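Structure first, then comments.
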Amino acid sequence: MAKQDRSGLTRQAIIEGAARVFEKKGYDGTSLADVIAEAHVTKGALYFHFESKRDLANAVITLQHGRSITPAQDHLGTDARGLEAVIHLSQHMARQLVDDPIVRAGSRLTLETGTF
């Protein structure tokens with residue numbers, strides 16, 4: 001496996017681990033030590049990819065926004081209109097909140113942005 005591929009996988013593991021911890025503990029309750037333990041990475045690996053807890057939280061939020069916005073943009077290209085479109089998008093968001101820890105964590109962090 002190439003070094004660049006490994007680096008990308010490590011970064012993704014850190015974001016996913018951080019999302020699981022942020023989801024449970026929120027921004028203030030999460031320490032970088034918690035993220036390191038959850039993601040099974042070294043402190044050096046975490047700091048190679050992220051300068052701070054704030055930087056890591058912003059990465060989770062950015063990924064969550066992408067995952068939430070992309071389906072809405074895709075849906076704009078269909079012929080569903082009005083209430084039907086709102087219902088489909090609401091169902092999709094509900095599924096994401098149930099199935100995707102990054103979406104849950106990003107949503108929580110977005111609500112907590114006043115704390116960081």
Side-chain angles (χ1 to χ4, degrees):
M1 180 181 296
K3 194 175 196 177
Q4 193 172 20
D5 291 340
R6 239 187 1 245
S7 178
L9 291 174
T10 300
R11 180 180 171 81
Q12 188 63 30
I14 293 168
I15 292 171
E16 289 172 2
R20 289 189 297 271
V21 179
F22 283 135
E23 175 192 359
K24 292 177 197 166
K25 297 184 173 188
Y27 182 81
D28 285 337
T30 296
S31 71
L32 290 179
D34 295 331
V35 174
I36 289 166
E38 182 69 26
H40 305 288
V41 297
T42 65
K43 189 175 185 178
L46 186 137
Y47 280 107
F48 176 80
H49 292 283
F50 301 98
E51 293 181 13
S52 65
K53 181 168 80 167
R54 181 180 184 154
D55 188 30
L56 182 53
N58 284 328
V60 171
I61 290 170
T62 298
L63 187 55
Q64 179 266 318
H65 285 178
R67 289 184 181 186
S68 297
I69 291 170
T70 299
Q73 290 171 330
D74 292 346
H75 199 71
L76 289 174
T78 69
D79 50 347
R81 303 205 187 277
L83 185 58
E84 180 184 356
V86 170
I87 290 169
H88 287 290
L89 292 173
S90 297
Q91 290 172 334
H92 183 78
M93 182 63 173
R95 275 192 303 276
Q96 283 185 318
L97 286 168
V98 169
D99 298 336
D100 192 336
I102 290 176
V103 171
R104 288 191 301 270
S107 297
R108 179 174 182 168
L109 289 168
T110 298
L111 295 172
E112 294 179 350
T113 54
T115 62
F116 65 94

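On a predicted model such as this, the values are computed, not experimentally measured, just so you know.
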### Query
Where do D28 and K53 come nearest, in terms of heavy atoms and distance?
O-NZ, 4.0 Å

### Message
Less than 4.5 Å apart, side chain to side chain, heavy atoms only: is that true for R104 and F22?
### Response
no

### Message
Just verifying a value: how many Å separate L109 CG and T62 OG1, rounded to the nearest 0.5 Å?
### Response
10.5 Å

### Query
Can any side-chain N or O of N58 pair as donor or acceptor with the backbone N or O of R54 at less than 3.5 Å?
yes

#### Entry: Pairwise side-chain contact, S107 with H65, heavy-atom cut-off 4.5 Å (strictly under)
no

### Query
Would you say the side chain of H49 lies within less than 4.5 Å of the side chain of L56, judging by non-hydrogen atoms?
no

### Task
Would you give the length of the straight line joining atom CD of E16 to atom CG of L9, rounded to the nearest 0.5 angstrom?
9.5 Å

### Summary
All heavy atoms of Q96 vs all of R67, minimum pair found to be NE2-O, 2.7 Å

### Query
For residues D34 and S31, is any side-chain donor paired with an opposing acceptor at under 3.5 Å?
yes

### Task
Considering non-hydrogen atoms only, spot the tightest contact between V41 and A45 and give its length.
CB-CB, 4.2 Å

### Flag side-chain contact, heavy atom, 4.5 Å: F48 against T10
no

### Summary
For V35 and I14 the tightest heavy-atom approach is CG1-O, 4.0 Å

### Summary
Distance col, row S68:OG vs L97:CG, nearest 0.5 angstrom, shows 7.5 Å

### Query
Counting only N and O atoms by type, is there a donor-acceptor contact under 3.5 Å from the side chain of E23 to the main-chain atoms of I102?
no

### Query
Is there a donor-acceptor pair under 3.5 Å between the side chain of K24 and the backbone N or O of A19?
no

